[in-house]
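Since the structure comes first, as structure tokens, the remarks are kept for the end.
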Amino acid sequence: MAAALLGRVLVALPSARYFLRCSTTYSVEKWFSKQMSSDNPPKRPLTAYFRFVKDQQPIFRKQNPDVSILEITKKIAYAWKELPVSEKQTYEAAAKVDRQAYKEELAKYKAQLSPAQIVALKEERRQKRAKRKAMRKKRELTVLGKPKRPRTSFNIFMAEHFQEAKGISVQAKMKNLFEEWQDLSSSQKQTYLQLAEDDKVRYENDMKSWEEQMVDVGREDLIRYKIRRLKKSRVATEKKTVKKLVSKKRDKNLKKIQRTKDSSLPEVIAKLKTKRSEE
């Protein structure tokens, strides 16, 4: 609660707002809890590669002031790839020492935890892994060109009127726009409702096309669950149909063989009688 209150106070200050806006990874609650708590787990050490990145980033930035961070990262990755083994070993040795120290610190940290704290720590790690997994999947879907979800009628209204909306902050503008949306009559909302319906149609068409492409490249795991279920049902129905046809054909052939046997039986008996009479 104290952390949240401190966060609200900082955000209210112009200089603090600038600081928080510039530092995207900054969290007031996290900072406050770390300062007030003494039982924080030890930080994971940097790998050999990230040690190299940390050393080289200032140098590459100074040499390439007009180049984006992404391009600098690519250059550093290439430099690491081309780095001689003897120089890599320096970073790897330092990382190994830090890794051993981290293991010892982690063992000490875990030894002082209560069973409830251990469970909480495991749950926190599970949530972090799930979050990382979700982020990786989101990035992958973006790379694969998955269509954007359809916008709601309010989203369309907000995008159209956001620039001229009252308020300084984003939150204030959104609040005012929501109030304006609530005050609109049904006839005024109808245009946006229709646009939202059109966007749903666009999304469904784009998704069908995209899912067909994913099937072609062997990524059926990315198809929506309902589509997969329908597809499985269709395949099962086709298998049943084929099985039924094979069964009918087999029965037909068996009957034909049986009829052939039945028709040839009198001839066989006549031949046996003829043979006995000759004897």
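Bear in mind that the values here come from a model prediction, so they are computed numbers and not experimental data.
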(request) Measure the shortest side-chain to side-chain distance between Phe60 and Ile69 over non-hydrogen atoms and say whether it is less than 4.5 angstrom. (result) no
(message) Just verifying a value: how many Å separate Lys110 NZ and Gln117 CD, rounded to the nearest 0.5 Å?
(response) 13.5 Å
(request) State, yes or no, whether a side-chain contact exists between Leu46 and Lys54 at a heavy-atom distance under 4.5 Å. (result) yes
(message) Less than 4.5 Å apart, side chain to side chain, heavy atoms only: is that true for Arg132 and Arg136?
(response) yes
(request) Report whether Val53 and Ile59 are members of the same hydrophobic cluster (ILVMFWY, side-chain heavy atoms less than 4.5 Å apart, transitive linking). (result) no
(message) I'd like to know if Val143 and Leu222 are part of one continuous hydrophobic network [Ile/Leu/Val/Met/Phe/Trp/Tyr, side-chain heavy atoms within less than 4.5 Å].
(response) no
(request) Measure up the Tyr49 and Trp80 rings against each other and bin them: parallel (under 30°), tilted (30 to 60°), perpendicular (over 60°). (result) perpendicular
(message) Set out, in order, the CA-CA distance, both residues' side-chain angles and the distance that settles side chain to side chain contact (heavy atoms under 4.5 Å, CB included) for Tyr203 and Met207, then state yes or no.
(response) CA-CA 6 Å; Tyr203 174 72; Met207 277 300 294; 3.5 Å; yes
(request) Please say which of Leu141, Asn205, Ile223 ends up in a side-chain contact (heavy atoms from CB on, under 4.5 Å) with Trp210. (result) Leu141
(request) Measure the spacing between OH of Tyr109 and OH of Tyr102 and express it to the nearest 0.5 Å. (result) 10.0 Å
(request) Enter the distance from Lys148:NZ to Thr142:OG1 here, rounded to the nearest 0.5 Å. (result) 9.0 Å
(message) Using side-chain heavy atoms (C-beta onward) and a distance below 4.5 Å, is Lys74 in contact with Tyr78?
(response) no
Sequence neighbours excluded and cut-off under 3.5 Å, please list the side-chain donor-acceptor pairs for residues 166-189, or say none.
unit_1	atom_1	unit_2	atom_2	d
Ser169	OG	Ala172	N	3.2
Asn176	ND2	Lys166	O	2.8
Asn176	ND2	Ala172	O	3.2
Ser185	OG	Ser187	OG	3.1
Ser185	OG	Gln188	N	3.3
Ser185	OG	Gln188	OE1	3.2
Gln188	OE1	Ser185	N	2.9

(request) Examine distances only and state if a side-chain atom of Glu211 and a backbone atom of Arg224 form a donor-acceptor pair shorter than 3.5 Å. (result) yes
(message) So that I can tick it off, tell me whether Glu123 and Arg126 are bridged by a salt bridge, with the cut-off set at under 4.0 angstrom between side-chain N and carboxylate O.
(response) yes
(request) Considering only NZ, NE, NH1 and NH2 on the basic side and carboxylate oxygens on the acidic side, decide whether Glu87 and Arg51 come within less than 4.0 Å. (result) no
(message) Looking at every heavy atom in both Ser153 and Ala196, which two are closest together, and how far apart are they?
(response) N-CB, 3.6 Å
(message) Taking side chain to side chain donor-acceptor pair (under 3.5 Å) as the definition, give me every residue that meets it alongside Gln190, ordered by chain and number, with sequence neighbours left out.
(response) none
(request) State whether Glu140 and Lys137 are salt-bridged, where the test is any N-O pair (Lys NZ or Arg NE/NH1/NH2 against Asp/Glu carboxylate O) under 4.0 Å. (result) no
(request) Could you tell me whether Glu124 and Lys128 make a salt bridge, using a distance below 4.0 angstrom between a side-chain N and a carboxylate O? (result) yes
(message) Quick check on the hydrophobic clustering: are Ile76 and Val67 connected, directly or via other members, by side-chain heavy-atom contacts under 4.5 Å?
(response) yes
(request) Would you indicate whether the side-chain heavy atoms of Tyr91 and Asp55 approach each other to under 4.5 Å? (result) yes
(message) I'd like to check Gln100 versus Val97 (side-chain heavy atoms, cut-off strictly below 4.5 Å). Are they in contact?
(response) no
(message) Could you measure the distance from the NZ atom of Lys103 to the CG atom of Asp98? Nearest 0.5 Å is fine.
(response) 12.5 Å
(message) I'd like to know if Arg202 pairs up with Asp206 as an ion pair, taking the criterion as any Lys NZ or Arg NE/NH1/NH2 lying under 4.0 Å from an Asp or Glu carboxylate oxygen.
(response) yes
(message) When you compare the side chain of Arg61 with that of Ile72, does any pair of heavy atoms fall below 4.5 Å?
(response) yes
(request) Give a yes or no answer on whether the side chain of Asp199 reaches the backbone of Leu195 with a donor-acceptor pair at less than 3.5 Å. (result) no
(request) Mind checking the NZ-NZ spacing from Lys88 to Lys81? Nearest 0.5 Å is all I need. (result) 9.5 Å
